[in-house]
Amino acid sequence: MIVITGDHEGLADYRDDLCKTKEGYGVVSAEQFVPLVILNAPIGMRYDKVMGQVDIYPTILSLMGLTHYEWQGLGCSILNSNKKQFAVDPRLNIIGDTAGSSSEEAVFAKNAWSISDQLIRYDYFGRKKN
């Protein structure tokens, strides 16, 4: 499998202008969503609901059949039928189906976003010594 994703702030300075152009309209999101493209996955699908950065890792594990992998991450695979369609943005706002997220789930998601951000920012797994 090949996983392609991007930084939601990569277009921060140009997002509004790009959304107004013929080429960018419908391609560039007006929101701060990240692209996620998975090639050669065992399941073909298009997922247009909201997912968070914490959901990418569990989704990849699920697609690879690694359901008994020791650490499943902080989020929820999009293949899980119980996944709530909401995410937390960099300002810790709930985006998506806020009605489908209980306050306990929202608090967990906000904490998970902060932890996930630190894992990425400080290259936790790259620096971890076995």
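Heads up: numbering here begins at 1 and tracks the sequence. Since we're looking at a predicted model, the values are computed, not measured. Quick note: numbers below take in every heavy atom, side chains included, and nothing from hydrogens, waters or symmetry partners.
One hydrophobic cluster, built from ILVMFWY side chains closer than 4.5 Å, holds both M1 and I78. Residues L39 and M64 fall into different hydrophobic clusters, defined by Ile, Leu, Val, Met, Phe, Trp and Tyr side chains chained together at heavy-atom separations under 4.5 Å. I56 and L61 fall within the same hydrophobic cluster, where Ile, Leu, Val, Met, Phe, Trp and Tyr residues are linked whenever their side-chain heavy atoms come under 4.5 Å apart, directly or through other members. Under a hydrophobic clustering in which Ile, Leu, Val, Met, Phe, Trp and Tyr are joined whenever their side-chain heavy atoms come within less than 4.5 Å, directly or via other members, I43 and V37 fall into different clusters. L36 is connected to L119 through a chain of hydrophobic side-chain contacts under 4.5 Å among Ile, Leu, Val, Met, Phe, Trp and Tyr, so both are in one cluster.
Nearest heavy-atom pair, F86 versus A109, reported as atom, atom and distance to 0.1 Å: CE1-CB, 3.7 Å. Of all non-hydrogen atoms in K83 and Y47, the two that sit nearest each other are CD-OH, 3.8 Å. Across all their heavy atoms, T67 and Q72 have their closest contact at O-NE2, 3.5 Å.
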Discussion item. Pair I94, V88 - check side chain to side chain contact (heavy atoms under 4.5 Å, CB included), show working.
Written reply: CA-CA 5 Å; I94 300 292; V88 177; 3.8 Å; yes
Discussion item. For L92 and S114: C-alpha separation, side-chain torsions, deciding distance, then whether side chain to side chain contact (heavy atoms under 4.5 Å, CB included) applies.
Written reply: CA-CA 9 Å; L92 300 182; S114 298; 4.1 Å; yes
Discussion item. Please determine whether side chain to side chain contact (heavy atoms under 4.5 Å, CB included) holds for the pair I2 and N40, giving the CA-CA distance in whole Å, both sets of side-chain angles, and the decisive distance to 0.1 Å.
Written reply: CA-CA 7 Å; I2 299 171; N40 300 325; 4.3 Å; yes
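When atom types are taken as modelled, the side chain of D55 and the backbone of G52 share a donor-acceptor pair closer than 3.5 angstrom. Judged by distance alone, the side chain of E70 and the main-chain N or O of H68 form no donor-acceptor pair under 3.5 Å. E23 places no side-chain N or O within 3.5 Å of a backbone atom of L18 that could act as its donor or acceptor partner.
Open room surrounds OH on Y25; 12 or fewer heavy atoms of other groups in view lie less than 6.0 Å from it.
Of the listed residues (N80, L74, L79), just one forms a side-chain contact (heavy atoms from CB on, under 4.5 Å) with C76, and that residue is N80.
Note that CE of M45 is 9.0 Å distant from CD1 of I38, once rounded to the nearest 0.5 Å.
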